[in-house]
2 protein chains.
Amino acid sequence: MTVSIEDVAARAGVSTATVSRALRGLPNVSELTRERVRDAARALDYVVSPSASSLATGRTSTVGVVVPYVGRWFFGQVISGAETALRQSGFDLLLYTVGAEESRRRFFEELPVRRRVDAVLVLSLPLTDAEVAAIAGLRLPTAMVGASVPGFSSVRIDDVGGASKAVNHLINLGHQRIAMIHGAGIEPAQFTAPEDRRRGYLSALASAGLDYDSSLQVDGGFTLAGGERAMASLLSSKHPPTAVFAQSDEMAFGALRAIRRAGLRCPEDVSVVGFDDHEMAEMLDLTTVAQPVTEQGVLAVGHILAELRGEAAPSDDLVPTHVVIRGTTAPPTAKPMRARVPARSVARSAGSSSAG
Amino acid sequence: MTVSIEDVAARAGVSTATVSRALRGLPNVSELTRERVRDAARALDYVVSPSASSLATGRTSTVGVVVPYVGRWFFGQVISGAETALRQSGFDLLLYTVGAEESRRRFFEELPVRRRVDAVLVLSLPLTDAEVAAIAGLRLPTAMVGASVPGFSSVRIDDVGGASKAVNHLINLGHQRIAMIHGAGIEPAQFTAPEDRRRGYLSALASAGLDYDSSLQVDGGFTLAGGERAMASLLSSKHPPTAVFAQSDEMAFGALRAIRRAGLRCPEDVSVVGFDDHEMAEMLDLTTVAQPVTEQGVLAVGHILAELRGEAAPSDDLVPTHVVIRGTTAPPTAKPMRARVPARSVARSAGSSSAG
DNA sequence: ATGAAAGCGCTAACAA
DNA sequence: TTGTTAGCGCTTTCAT
């Protein structure tokens with residue numbers, strides 16, 4: 001029924017060891033023999049049994065990918081990148097979605113990856129200490145995307161740089177009162193994005209010599225509804241901003257809605273820039289900070305493969321971001337909505353401020 | 001280093017055969033012995049080696065899931081459903097994304113699932129005849145979601161019913177001139193959604209005694225841009241519809257944009273209903289046809305597990321849909337609709353040609 | 001109810 | 001360069 005290595009060996013007139021060597025491209029096999037073996041294998045439609053091979057080598061040629069949720073553009077892209085890179089190196093991808101509380105608990109409790117994978121990839125999942133300990137206990141090469149944990153390789157975006165690029169874009173347009181809708185530190189400690197993006201925001205303001213006004217920082221909780229509320233409160237303040245930097249596109253979407261509902265227009269009355277380049281950002285014509293996504297999966301895989309080969313110790317990657325300029329940002333207008341006299345006549349130059 | 005079944009056997013004072021039986025819950029093991037074995041296993045932190053087990057049984061306890069693309073809400077949900085169901089039955093999920101032409105070709109050429117999985121799940125991937133033949137050649141239980149192929153189990157939504165429910169909703173609101181933006185048959189034959197949804201549309205019109213007007217059927221190519229063009233052309237016709245049924249939410253989004261750009265309003269001037277309940281539908285307040293998504297993954301898994309147990313032959317499921325009423329549908333207004341001049345068409349800034 | 005032993009299909013020393 | 005052989009860790013007859 002199933003053709004085994006013995007069948008191939010018999011047909012090629014060699015031993016099974018030779019077949020194994022020949023098919024895996026090991027040296028010390030004459031080209032003639034290798035051809036013979038290949039022909040036999042092809043003729044018999046032979047496929048190596050991964051279980052047998054794993055059992056013999058102790059390797060599984062499989063990487064476990066742990067992800068909170070699959071159906072979001074971002075994760076999909078990262079997974080695609082990872083899969084391509086893995087497949088290229090002959091690895092399979094075992095998927096674990098642990099978004100639901102229950103499944104997450106079970107995953108870290110039972111660790112179903114044990115004995116099943118050679119390495120682990122954790123995507124955008126800030127881990128608790130106990131969870132980190134569980135993963136560490138596996139003693140497998142592990143890489144994380146979107147979070148950094150000592151001892152594991154990691155791939156993250158440059159949140160600080162991205163945020164300051166976004167804010168610089170607004171500054172270059174001539175804005176001076178620039179608010180920020182942030183997501184407060186609701187998540188575990190490793191989720192450094194809110195803090196990093198805040199730092200980027202502050203440093204951009206500082207290096208432009210702009211005042212820092214704490215009343216211009218509002219919490220949007222990283223949700224659309226939160227962003228809407230935050231924007232509404234900003235608009236109703238006595239001295240509203242002319243531009244807003246939202247720490248996520250979702251919050252920016254909410255902000256757009258709030259602006260519309262307040263009877264104002266974007267970008268004529270208020271400019272908005274988001275962060276993420278969410279799938280819908282293009283559709284809603286949102287200026288935002290984009291990150292290379294697929295690449296992060298590829299990089300993470302690079303890390304674990306290197307570790308697997310014993311070539312490298314855990315290391316961190318910080319990937320750059322760039323501002324995608326769309327229709328929600330424009331120079332401030334000298335409208336009565338603003339109480340202060342705007343400093344005008346800064347060249348529009350949308351393209352020039354694009355950070356590559 | 002790694003603890004094996006022998007270690008457990010030694011510690012429990014039984015044979016390896018007994019350990020195997022005890023741990024797998026087989027009968028013919030005294031409760032006392034079973035407890036002893038369980039304790040030993042727990043104490044040693046024993047985990048069965050899947051490779052060894054696979055090699056011995058010929059089963060992999062793994063299911064291959066083939067999907068064109070991971071990062072879309074729909075696929076994510078289906079995968080989640082499938083994974084939960086699989087995990088519950090002790091199966092792992094091996095992921096294959098074949099969206100890219102290249103990866104798709106390689107998948108069906110090399111069939112990397114051979115010897116690796118016990119069954120295959122194909123999600124929303126209309127297969128060519130050659131691809132069907134390749135999968136069939138695996139001789140593995142196979143289920144498809146979103147397409148039906150003779151010989152394989154399948155799970156699909158009731159496209160005909162869904163479409164007619166959507167159109168009935170419009171009819172119940174009082175609409176009489178109801179257009180349809182469809183996606184023509186660009187895909188392989190198995191992609192029956194366009195045709196089925198058209199049938200639902202027609203049957204709803206027919207049973208309401210409404211006239212059928214072929215000029216009210218426009219192609220939107222299943223894209224946002226196409227939907228926008230289609231809607232624009234409908235609006236510019238001499239006798240525009242008061243309501244539109246779009247065969248997909250994406251096309252509906254485009255339609256909404258066209259309406260806005262024409263200076264009209266939805267639902268005051270035109271009602272729009274979509275199909276899919278896309279992630280963004282709620283955000284854009286789109287009335288649409290929703291389908292149970294996670295459930296389709298669960299059902300598909302049910303099929304293959306049943307086949308795996310030899311309990312069932314391939315069979316088909318048709319899952320129901322329901323209309324989600326939101327803000328884009330309303331009764332037609334009495335006053336004749338006329339397009340106003342778009343006030344802001346010039347004000348739009350560069351880089352916004354997302355509708356390309 | 002339990003044990004002994006023969007594989008499952010491959011890889012990796014070790015020999016030749 | 002190639003062959004021999006001993007595992008890898010489990011399951012499954014077949015005995016007992």
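Note that this is a predicted model, so its numbers are computed, not measured. Labels below follow one simple rule: chain letters A, B, ... track the order of the sequence lines, proteins then strands, and each chain is numbered from 1.
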Grab the [atom1]-[atom2] distance between [X] and [N] for me, whole Å please.
X: B:Arg116; N: C:dC10; atom1: CZ; atom2: C1'; answer: 14 Å
X: A:Arg114; N: D:dC10; atom1: CZ; atom2: P; answer: 13 Å
X: A:Ile5; N: D:dT4; atom1: CD1; atom2: P; answer: 14 Å

Below 3.5 Å, can you tabulate the donor-acceptor pairs from side chains in residues 8-17 of chain B to any protein atom, sequence neighbours excluded?
unit_1	atom_1	unit_2	atom_2	d
B:Ser15	OG	B:Ala17	N	3.4
B:Ser15	OG	B:Thr18	N	3.3
B:Ser15	OG	B:Thr18	OG1	3.3

Any side-chain heavy-atom pair of B:Glu83 and A:Tyr96 under 4.5 Å:
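In short, these two side chains touch, coming nearer than 4.5 Å.
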
B:Tyr46 vs B:Val48 side-chain heavy atoms within contact, under 4.5 Å
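SC-SC contact between B:Tyr46 and B:Val48 confirmed.
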
Pair [X] + [Y]: basic N to acidic O under 4.0 Å:
X: B:Arg72; Y: A:Glu279; answer: no
X: A:Glu102; Y: A:Arg105; answer: yes
X: A:Asp92; Y: B:Arg116; answer: yes
X: A:Glu109; Y: A:Arg106; answer: no
X: A:Asp39; Y: A:Arg36; answer: no

Would you tabulate the pairs of protein nitrogen or oxygen atoms and nucleotide nitrogen or oxygen atoms of nucleotides 6-8 of chain D closer than 3.5 angstrom?
unit_1	atom_1	unit_2	atom_2	d
D:dC8	O2	A:Ala56	N	3.4

Both A:Thr2 and A:Arg59 contact DNA chain C. Taking the nearest nucleotide for each, which residue is further toward the 5' end?
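Nearest-nucleotide comparison on DNA chain C picks A:Thr2.
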
Judged by atom type as modelled, is there a donor-acceptor pair below 3.5 Å linking the side chain of B:Ser153 to the main-chain atoms of B:Ser315?
yes

Taking the side chain from B:Gln296 and the backbone from B:Pro292, do they hold a donor-acceptor pair closer than 3.5 Å?
yes

Pick base, sugar-phosphate or nothing for B:Val19, based on heavy-atom distances below 4.0 Å to the nucleic acid.
nothing

Enumerate all atom pairs, one protein N or O and one N or O from nucleotides 3-5 of chain C, separated by less than 3.5 Å.
unit_1	atom_1	unit_2	atom_2	d
C:dG3	OP2	B:Ser15	N	2.8
C:dG3	OP2	B:Ser15	OG	3.1
C:dG3	OP2	B:Thr18	OG1	2.8
C:dG3	N7	B:Arg21	NH2	2.8
C:dG3	O6	B:Arg21	NH1	3.2

Looking at A:Thr62, A:Thr57, A:Val63, which one forms a side chain to side chain contact (heavy atoms under 4.5 Å, CB included) with A:Thr60?
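Single pass found, and it is A:Thr62.
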
In a check of side chain to side chain contact (heavy atoms under 4.5 Å, CB included) between B:Val65 and each of B:Val70, B:Val113, B:Val122, B:Leu123, which one passes?
B:Leu123

Near-strand residues of residues 23-47 of chain A, defined as heavy-atom separation under 4.0 angstrom from DNA chain D:
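Listed by number, they are A:Asn28, A:Val29, A:Ser30, A:Thr33.
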
Describe, as an angle rounded to 10 degrees, how the axis at the first end of the helix from C:dA1-D:dT16 to C:dA16-D:dT1 is tilted relative to the axis at the last end, five pairs per end.
30°

By ring-ring contact (aromatic ring centres under 6.0 Å, His included) - contacts of B:Tyr69 (at least two apart):
none

